[in-house]
Amino acid sequence: MDGVLVDSEQLWDEIREDLARERGGRWHDRAQADMMGMSSPEWSRYMHDVIGLSESPDEINAEVVRRLLARYRDSLPLIDGAVAAVERLAGRWPLGVASSSNREVIDAVLDAAGIADRFAATVSSEEVARGKPAPDVYVEAARRLGVRADDCAAVEDSRNGIRSAHAARMHVIAIPNAHYPPSDDVLAVADVVLASLDALTVERVSAS
């Protein structure tokens with residue numbers, strides 16, 4: 001969802017960095033890259049253990065999500081073509097979301113975008129044992145859809161997301177994140193690399 005349907009990776013980064021600096025944490029240049037793809041229990045623990053916030057991971061998680069949802073209520077940063085792409089693909093296949101976002105964030109985004117009913121299954125990585133790049137969230141999404149993981153195509157934008165979907169043995173369609181593009185060696189793992197959601201057609205997915 002993040003980086004594919006909503007242009008949000010930099011918002012997560014900005015909010016966590018602001019919180020760290022407000023509360024005396026030790027923010028560093030690798031923090032965003034380290035946390036991208038982590039589940040909420042994982043990144044909130046990282047904020048506590050590595051960044052050095054004194055609050056508990058649960059308190060850190062709740063505050064970051066509160067600030068993010070407030071930003072979304074002001075303006076939902078949908079990526080151009082996101083709703084149209086969902087509508088196209090939902091007319092052909094059952095769709096799922098396999099996201100590192102918290103459950104309440106997933107539900108809020110899909111509801112605000114008016115596309116919640118287009119998804120037959122949604123999974124937050126906080127609901128599985130390990131976040132991305134582990135395959136757990138994608139494996140669980142396939143299970144909830146009632147299909148084999150290797151019969152699924154995953155649309156991903158990030159390094160850890162691509163690795164996660166590949167580890168789940170899915171066909172990986174990469175649309176590189178404009179703010180944090182994956183490296184060439186990670187993109188080489190994908191089956192298809194597209195420039196934008198406009199290119200994500202039924203025909204292109206079928207060919208993957």
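Side chains included, hydrogens not; waters and symmetry mates left out as well; all remaining heavy atoms used.
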**Prompt:** Other hydrophobic cluster members with Met36, side-chain heavy atoms of Ile/Leu/Val/Met/Phe/Trp/Tyr under 4.5 Å, chained?
**Reply:** Tyr180
**Fill in**
All heavy atoms of Ala121 vs all of Leu145, minimum pair found to be CB-CD2, 3.9 Å
**Item:** Closest non-hydrogen atom pair between Cys152 and Val147, with its separation
**Value:** SG-CG2, 3.4 Å
**Asked** For the atom pair CE (Met1) and CD1 (Ile106), what is the distance rounded to the nearest 0.5 Å?
**Response** 5.5 Å
**Complete:** residues 170-198 vs salt bridge (Lys or Arg N to Asp or Glu O under 4.0 Å), sequence neighbours excluded, gives none
**Message:** My understanding is that only residues two or more places apart in sequence, or in another chain, count here; which of them pass side chain to side chain donor-acceptor pair (under 3.5 Å) with Arg73?
**Reply:** none
**Asked** Side-chain contact, heavy-atom cut-off 4.5 Å: Gln32 with Asp29?
**Response** no
**Request:** Using the side chain to side chain contact (heavy atoms under 4.5 Å, CB included) rule, take Glu17 and His28 through it: C-alpha gap first, then chi angles, then the decisive distance, then the call.
**Result:** CA-CA 9 Å; Glu17 181 175 358; His28 59 87; over 6 Å; no
**Asked** Could you state the interatomic distance from OG (Ser99) to CG (Asp2), rounded to the nearest 0.5 Å?
**Response** 5.0 Å
**Asked** In the hydrophobic clustering (ILVMFWY, side-chain contacts below 4.5 Å, transitive), which residues join Leu187, or is it alone?
**Response** Ile162, Val172, Val186, Val189, Val193
**Request:** Identify, with sequence neighbours excluded, every residue that meets ring pair (Phe, Tyr, Trp, His ring centres under 6.0 Å) alongside Trp12.
**Result:** Trp43
**From Ile115, Val109, Val4, Leu110, residue fulfilling side-chain contact (heavy atoms from CB on, under 4.5 Å) relative to Val97** = Leu110
**Side-chain heavy atoms of Met47 within contact of Trp27, under 4.5 Å** = yes
**Message:** Go through it in stages, so that I can follow the logic: the residues are Gln10 and His179, the test is side chain to side chain contact (heavy atoms under 4.5 Å, CB included), and I'd like the CA-CA distance, side-chain angles, deciding distance and then a yes or no.
**Reply:** CA-CA 7 Å; Gln10 70 277 13; His179 304 285; 3.2 Å; yes
**Prompt:** Got a sec, which pairs hit side-chain hydrogen bond (donor to acceptor under 3.5 Å, both in side chains) with one end in residues 54-65, sequence neighbours left out?
**Reply:** Arg23-Glu55, Ser56-Glu59, Asn61-Asn102, Glu63-Arg66, Glu63-Arg67
**Item:** Separation of Ile60 CD1 from Leu53 CG (nearest 0.5 Å)
**Value:** 4.5 Å
**Request:** Working to the nearest 0.5 Å, report the span between CD1 of Ile51 and CG of Asp34.
**Result:** 8.0 Å
Side-chain atoms of residues 86-93: list all donor-acceptor pairs with protein atoms under 3.5 Å, sequence neighbours left out, distances to 0.1 Å.
{"residue": "Glu87", "atom": "OE1", "partner": "Arg118", "partner atom": "NE", "Å": "2.7"}
{"residue": "Glu87", "atom": "OE1", "partner": "Arg118", "partner atom": "NH2", "Å": "3.2"}
{"residue": "Glu87", "atom": "OE2", "partner": "Arg118", "partner atom": "NE", "Å": "3.4"}
{"residue": "Glu87", "atom": "OE2", "partner": "Arg118", "partner atom": "NH2", "Å": "3.4"}
{"residue": "Arg88", "atom": "NE", "partner": "Leu200", "partner atom": "O", "Å": "3.2"}
{"residue": "Arg88", "atom": "NH2", "partner": "Leu197", "partner atom": "O", "Å": "2.9"}
{"residue": "Arg88", "atom": "NH2", "partner": "Leu200", "partner atom": "O", "Å": "2.9"}

**Prompt:** What about Ile15 and Leu76, same hydrophobic cluster or not, with Ile/Leu/Val/Met/Phe/Trp/Tyr joined at side-chain heavy-atom distances under 4.5 Å?
**Reply:** yes
**Complete:** side chain to side chain donor-acceptor pair (under 3.5 Å) filter on Arg204, not counting sequence neighbours, yields none
**Fill in**
In short, salt bridge (Lys or Arg N to Asp or Glu O under 4.0 Å) pairs touching residues 37-47 with sequence neighbours left out are Arg45-Asp49
**hydrophobic_cluster_shared for Leu95 and Val139, side chain cutoff 4.5 Å** = no
**Item:** Residue pairs involving residues 95-114 (criterion salt bridge (Lys or Arg N to Asp or Glu O under 4.0 Å); sequence neighbours excluded)
**Value:** Arg103-Asp107, Arg103-Glu127
**Complete:** Between Val137 and Ser124, the two heavy atoms sitting closest are CG2-C, 4.1 Å
**Message:** For a quick check under 3.5 Å, do Glu126 and Ser40 share a side-chain donor-acceptor pair by atom type?
**Reply:** yes
**Request:** Check the hydrophobic clustering (I, L, V, M, F, W, Y; side-chain heavy atoms under 4.5 Å; chains of links allowed) and say if Met170 and Val202 are grouped together.
**Result:** no
**Message:** Within the structure provided, determine whether Val123 and Tyr138 are in side-chain contact (heavy-atom separation under 4.5 Å).
**Reply:** no
**Complete:** Minimal heavy-atom distance between Ala31 and Tyr46, with the atoms involved, is CA-OH, 3.8 Å
**Request:** Could you note down all residue pairs passing side-chain hydrogen bond (donor to acceptor under 3.5 Å, both in side chains) where residues 158-178 supplies at least one of them, sequence neighbours left out?
**Result:** Asp157-Asn177
**Message:** Applying side chain to side chain donor-acceptor pair (under 3.5 Å), can you list everything that pairs with Arg26, at least two apart in sequence or on another chain?
**Reply:** none
**Message:** Could you report the tightest heavy-atom contact between Ser100 and Met38, atom names first, then the distance?
**Reply:** CB-O, 3.6 Å
**For the student: nearest non-hydrogen atoms of Ala154 and Ala165, plus distance** = CB-CB, 3.5 Å
**Prompt:** Leu78 versus Asp7: any side-chain heavy-atom pair under 4.5 Å?
**Reply:** no
